[in-house]
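Data block below; observations after.
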Amino acid sequence: MISNLTTGERRGALLILLVMTLVGLFFAAAGRGDPIAVHGALIMVAAIALAFPIMARLYDPEPPAERFDTYYDDPSKVGIILTFVWAAFAMFVGDWVAWLLVEPTWTTSGAWSSFGRIRPVHTTGVIFGFGGNGLIATSFYVMQRTSRVRLPDQLSPWFVLIGYNLFCVLAVTGYMLGITQSKEYAEPEWYADLWLVIVWVVYFILYMRTLARREEPHIYVANWYYMAFILVVAMLHIVNNLAVPVSFLSAKSFSLFSGVQDALTEWWYGHNAVAFFLTAGFLGMMYYYLPIRAGRPIFSYRMSIISFWGITFMYMWVGSHHLHHTALPQWVQTLGMTFSLVLIVPSWASAANALLTLNGAWHKVRDDATLRFMMIAAVFYGLTTFEGSFMAIRSVNALSHYTDWTVGHVHAGALGWVAMITFGALYASIPWLWKRERMYSPALVEVHFWLALSGTAIYVFALWNAGIIQGLMWRTYTENGNLAYTFLDSVVAMRPYYIARAIGGLLFLLGALAGCLNLYLTIRYAAPATDTASLKPLRDELNDAATLPAE
Amino acid sequence: MFKLHYRLERRAIGMTLGIIAAASIGGFVEIAPLFTIHQTVEAAPDMRVYTPLELAGRNIYIREGCYACHSQMIRTLRDEVERYGHYSLAVESKYDHPMLWGSKRTGPDIARLGGKYSDEWHVRHLLNPRDVVPVSIMPAYGWLMENDLRTDDLSDQLTAQRVVGVPYTPDMIRNAADDAYGQANPDSSRAKGVKTRYGEETNIRSFAGAPGRLTEMDALVAYLQILGHLTDAASRDTVAKDLE
């Protein structure tokens with residue numbers, strides 16, 4: 001892998017690692033007495049560990065010039081492996097914290113493993129570790145195929161992938177050490193945030209350089225979504241994380257905003273992390289992999305335009321529906337609710353576009369678990385966006401907010417939509433990337449599918465029930481006009497649902513582990529592809545869809 | 001319109017600018033006015049800042065992820081006001097960088113927790129919640145009593161707070177570490193300055209019940225006991241009087 005880099009790229013990589021080692025050393029030494037020193041040491045060790053294999057191959061010959069005839073897929077391969085590693089790790093932690101709500105003593109007495117510290121390990125691990133790696137790995141793959149051009153260089157994709165994973169590691173180790181700024185889904189502290197900005201700028205430049213060299217006149221719709229994902233996540237990340245560090249040798253910072261302004265900024269970010277990380281990015285994935293796997297062009301070019309711009313414009317208004325009946329001015333709440341309702345139009349346009357694309361290929365959905373993953377993902381996307389608009393209505397939200405219904409809703413989206421489309425896309429990519437006939441065990445893909453679907457169903461049903469019961473108990477009055485239940489009554493009532501939820505999560509985790517095993521077996525033992533022509537994804541068909549003439 | 005798009009989607013820069021433009025409008029329209037419309041946050045002249053000990057306790061609350069299960073935002077709903085007290089006002093989190101309104105109530109709202117239970121109850125509850133609430137599913141926080149509170153960076157913390165807009169005076173910043181110790185050790189010489197700097201109603205007592213020491217438990221309990229008491233704007237609020 002390293003021999004595929006040019007000598008100049010190897011030197012560049014070493015230079016970057018040297019700078020990182022020095023920065024790490026500085027924080028490790030000067031920041032003693034503050035948790036930031038641990039992260040300095042971690043950065044230093046990681047940079048040194050990466051430098052060794054590069055130094056060992058520094059004087060290898062230049063890679064052959066034929067490389068320019070092929071796509072550059074090494075970063076995608078590593079990205080896919082990392083996606084599975086993060087899935088196994090973060091879903092394990094997720095199920096662990098789920099059991100802690102059933103039996104709070106099932107943990108160590110160490111501070112690092114208490115519920116409040118490992119819950120964000122789960123959320124960051126699945127959203128950014130699992131989801132983010134899946135997006136980066138597939139985006140490299142998709143942008144090359146749909147532009148019919150190789151990545152412009154071989155160093156920047158590695159910088160993006162490894163740098164991003166360093167951010168994720170800093171984040172989750174930070175929480176266990178007690179480093180967090182407590183903003184939901186933006187918990188990492190100021191220095192990790194700054195590092196992510198650097199990584200993200202390189203990612204955007206890489207995307208634009210690839211598009212600039214493309215041999216296709218049109219930019220395919222999957223790339224619109226990946227671009228929106230990269231651009232808007234950058235906007236959200238920078239604004240929401242504006243903060244003043246206690247000192248440059250302290251891990252602690254204070255948010256620039258406070259109170260009501262901070263609350264709206266946080267949920268403007270939070271809901272659009274859902275929109276542009278967990279929706280736009282994965283729609284990009286769907287628009288490439290679903291039509292290819294089904295062997296059908298996208299149903300409607302116009303619907304994809306309407307839904308793309310609808311989502312890009314409207315989502316940014318809806319964050320305030322997280323703050324109904326709070327101290328946020330009512331006009332902002334109402335505006336957020338209104339846009340949340342209208343948002344059903346572009347959301348369902350996307351879901352319908354995906355499902356209608358499958359017309360003529362439903363027999364494949366029946367036989368092929370990989371395509372079925374994508375189909376179910378589109379169904380859950382439709383369900384979750386409907387549920388989201390519904391829960392954004394102020395009077396519904398009065399019942400649902402603060403309850404487990406919200407958690408159930410999030411998991412309908414995260415398990416049913418995000419994880420399912422990712423697993424579908426990965427099972428499609430793995431044989432193409434490693435030049436295998438197919439996954440080592442299609443039966444194991446089938447097992448994974450049913451574990452994932454049953455796990456999601458159990459989880460979501462359990463928390464719908466839990467949330468509605470909670471919400472009703474809190475607002476029930478006796479005939480005398482007193483509150484009927486204490487808060488503790490509602491805690492006790494949750495127990496059976498929390499058990500069911502943890503079992504559903506366990507099934508989903510087992511499915512992901514089956515996926516890890518299948519990935520290993522495919523790389524290690526699956527028969528190589530005999531027909532190399534079939535390795536090329538159905539590019540022509542895709543291009544038909546992309547360049548559909550406007551009438 | 002689709003013809004226009006047919007041309008637009010051939011230009012990467014065009015798509016980039018289009019995405020930025022479309023995605024910027026919502027945030028501008030909703031967030032920017034919150035900084036300029038002054039009715040957004042009520043006036044509360046009696047509002048005081050957190051003492052260094054309370055601020056340190058707040059940091060521990062953040063560090064341990066308490067906000068994931070406890071909200072600090074009582075909504076304008078009848079059952080919430082009856083269960084938790086007057087609905088939360090914007091001004092009450094004016095000095096909260098960041099806010100800790102929360103989004104989930106696995107445990108109850110604690111916006112007005114201060115003064116509801118004794119210090120001793122809080123200490124026992126944090127050491128093992130099931131000792132005082134048998135059906136609780138809250139984690140135990142044994143290390144809070146073992147860890148001495150870090151005070152060497154409190155002056156820097158107050159300075160950073162001042163930069164983001166919290167009105168700490170140079171006097172408060174200079175004495176931050178001493179005030180933290182003094183607030184939890186009423187018999188020490190360092191206790192005297194706390195009331196002059198933070199007001200007569202400041203709680204000065206041994207929160208964790210271990211005089212001569214300053215633990216993380218002292219800080220967290222001091223913070224929990226001030227929740228809802230930085231201003232009495234809510235109890236003066238006439239709207240609330242009507243509702244009750």
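Numbered from 1 within each chain, the chains take letters A, B, ... in sequence-line order.
A donor-acceptor pair under 3.5 Å links the side-chain atoms of A/Glu187 to the main chain of A/Tyr185, judged by distance alone. A donor-acceptor pair under 3.5 Å links the side-chain atoms of B/Asp218 to the main chain of B/Thr215, judged by distance alone. In terms of modelled atom types and a separation under 3.5 Å, the side chain of A/Asp34 and the main chain of A/Gly31 share no donor-acceptor contact. Using a distance-only test at 3.5 Å, with no hydrogens or angles considered, no donor-acceptor pair links the side chain of B/Glu82 to the main chain of B/Asp79. Between the B/His97 side chain and the A/Phe257 main chain, a donor and an acceptor come within less than 3.5 Å of each other. Using modelled atom types, no side-chain atom of A/Thr312 and backbone atom of A/Trp309 make a donor-acceptor pair closer than 3.5 Å.
A/Asn223 and A/Tyr207 form a side-chain donor-acceptor contact under 3.5 Å, judged by distance and modelled atom types alone. Looking at B/Tyr61 and B/Gln72, their side chains do bring a donor and an acceptor atom within 3.5 Å of each other. In summary, the side chains of A/Ser147 and A/Thr210 do not present any donor paired with an acceptor at a separation below 3.5 Å, with no hydrogens or angles considered. No hydrogens or angles considered: nothing links the side chains of A/Asp262 and A/Thr265 as a donor-acceptor pair under 3.5 Å.
If you measure heavy-atom distances from B/Val91 to chain A, you find no contacts under 4.5 Å at all. At a 4.5 Å heavy-atom cutoff, the contact between A/Leu323 and chain B is made by side-chain atoms alone. Neither the backbone nor the side chain of B/Leu154 has a heavy atom closer than 4.5 Å to any heavy atom of chain A. Using a 4.5 Å cut-off between heavy atoms, B/Val41 touches chain A through its side chain atoms alone. When heavy atoms are compared at a cutoff of 4.5 Å, A/Ile311 does not approach chain B at all. Heavy atoms closer than 4.5 Å to chain B are found in the side chain of A/Phe204, but not in its backbone. With a 4.5 Å cut-off on non-hydrogen atoms, A/Val239 does not touch chain B at all. In this structure, no portion of A/Asn482 lies under 4.5 Å from any heavy atom of chain B. Neither the backbone nor the side chain of A/Tyr269 comes within less than 4.5 Å of any heavy atom in chain B. Only the side chain of A/Trp268 comes within contact range of chain B, with heavy atoms under 4.5 Å apart. If you measure heavy-atom distances from B/Leu100 to chain A, the contacts under 4.5 Å come from the side chain alone. Both the backbone and the side chain of A/Thr326 come within contact range of chain B, judged by heavy atoms closer than 4.5 Å. A/Thr107 does not touch chain B: none of its heavy atoms, backbone or side chain, sits under 4.5 Å away. Only the side chain of B/Tyr84 comes within less than 4.5 Å of a heavy atom of chain A; its backbone N, CA, C and O stay farther away. Only the backbone of B/Ser88 comes within contact range of chain A, judged by heavy atoms closer than 4.5 Å. For a residue to count as touching a neighbouring chain, one of its non-hydrogen atoms must lie under 4.5 Å from one of that chain's; by this rule B/Trp143 touches chain A with the side chain only. Residue contact with chain B, scored on non-hydrogen atoms closer than 4.5 Å, involves the side chain of A/Met208 exclusively. Contact annotation for B/Leu158: neither backbone nor side-chain heavy atoms come within less than 4.5 Å of a heavy atom of chain A. Residue contact with chain B, scored on non-hydrogen atoms closer than 4.5 Å, involves the backbone and the side chain of A/Arg475 alike. Looking at A/Val492, the atoms closer than 4.5 Å to chain B (heavy atoms on both sides) all sit in the side chain, from C-beta outward. Heavy-atom distances place both the backbone and the side chain of A/Leu335 under 4.5 Å from chain B. For a residue to count as touching a neighbouring chain, one of its non-hydrogen atoms must lie under 4.5 Å from one of that chain's; by this rule B/Glu92 does not touch chain A. With a 4.5 Å cut-off on non-hydrogen atoms, B/Arg7 does not touch chain A at all.
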### Message
Go through it in stages, so that I can follow the logic: the residues are B/Arg105 and B/Asp109, the test is side chain to side chain contact (heavy atoms under 4.5 Å, CB included), and I'd like the CA-CA distance, side-chain angles, deciding distance and then a yes or no.
### Response
CA-CA 7 Å; B/Arg105 283 181 189 152; B/Asp109 188 280; 3.3 Å; yes
### Task
Go through the steps to decide whether B/Asp156 and A/Lys252 satisfy the test salt bridge (Lys or Arg N to Asp or Glu O under 4.0 Å), and finish with yes or no.
CA-CA 10 Å; B/Asp156 285 345; A/Lys252 180 82 189 159; over 6 Å; no
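Between A/His271 and A/Tyr315, the distance separating the two ring centers is shorter than 6.0 angstrom. Ring centroid separation for the pair B/Trp101 and B/Tyr67 does not come in under the 6.0 Å cut-off.
For the set A/His325, A/His322, A/Arg214, A/Met316, the count of heavy-atom pairs under 4.5 angstrom toward chain B peaks at A/His325. Chosen from B/Val135, B/Val163, B/Thr16, the residue pairing most often with chain A at heavy-atom distances under 4.5 Å is B/Thr16. Between chain B and the options A/Leu256, A/Thr476, A/Val246, A/Thr406, heavy-atom pairs under 4.5 Å are most frequent for A/Val246. Heavy-atom pairs under 4.5 Å with chain A peak, among B/Gly107, B/Ser136, B/Pro129, at B/Gly107. Of the listed residues (A/Glu184, A/Met494, A/Lys183, A/Glu266), the one with the most heavy-atom contacts under 4.5 Å to chain B is A/Glu184. With chain A as the partner, the residue from B/Arg150, B/Met138, B/Lys94, B/Arg130 showing the most heavy-atom pairs under 4.5 Å is B/Arg150. Between chain B and the options A/Ala111, A/Ser320, A/Pro329, the largest number of non-hydrogen pairs under 4.5 Å is found for A/Ala111. Taking chain A as the reference chain and counting heavy-atom pairs below 4.5 Å, the highest number among B/Arg11, B/Glu42, B/Met15 is found for B/Met15. Among the candidates A/Leu264, A/Ile179, A/Leu211, the residue making the largest number of heavy-atom pairs closer than 4.5 Å to chain B is A/Leu264. Chain A forms the most heavy-atom pairs under 4.5 Å with one residue out of B/Gly18, B/Ser103, B/Ala21, and that residue is B/Ser103. In terms of heavy-atom pairs under 4.5 Å with chain A, the best-connected choice from B/Pro139, B/Gly142, B/Ser71 is B/Ser71. Of the listed residues (A/Gln181, A/His324, A/His401, A/Glu103), the greatest number of heavy-atom pairs within a distance under 4.5 Å of chain B belongs to A/His401.
Rounding to the nearest 0.5 angstrom, the gap separating the OH atom in B/Tyr50 from the CG atom in B/Leu55 is 8.5 Å.
Cation-pi geometry between A/Arg302 and B/Phe2 is met: under 6.0 angstrom from the ring centre, within 45 degrees of the axis. Judged by the 6.0 Å distance and 45° axis criteria, B/Arg78 is positioned over the aromatic ring of A/Tyr477.
Within the 4.5 Å cutoff, the side chain of B/Glu30 has heavy atoms near those of the A/Trp317 side chain. Counting heavy atoms from C-beta outward, B/Glu64 and B/Tyr141 have side chains that approach closer than 4.5 Å.
Checking each of A/Thr105, A/Val102, A/Val491 against B/Ile137 for a side chain to side chain contact (heavy atoms under 4.5 Å, CB included) leaves exactly one that passes, namely A/Val491.
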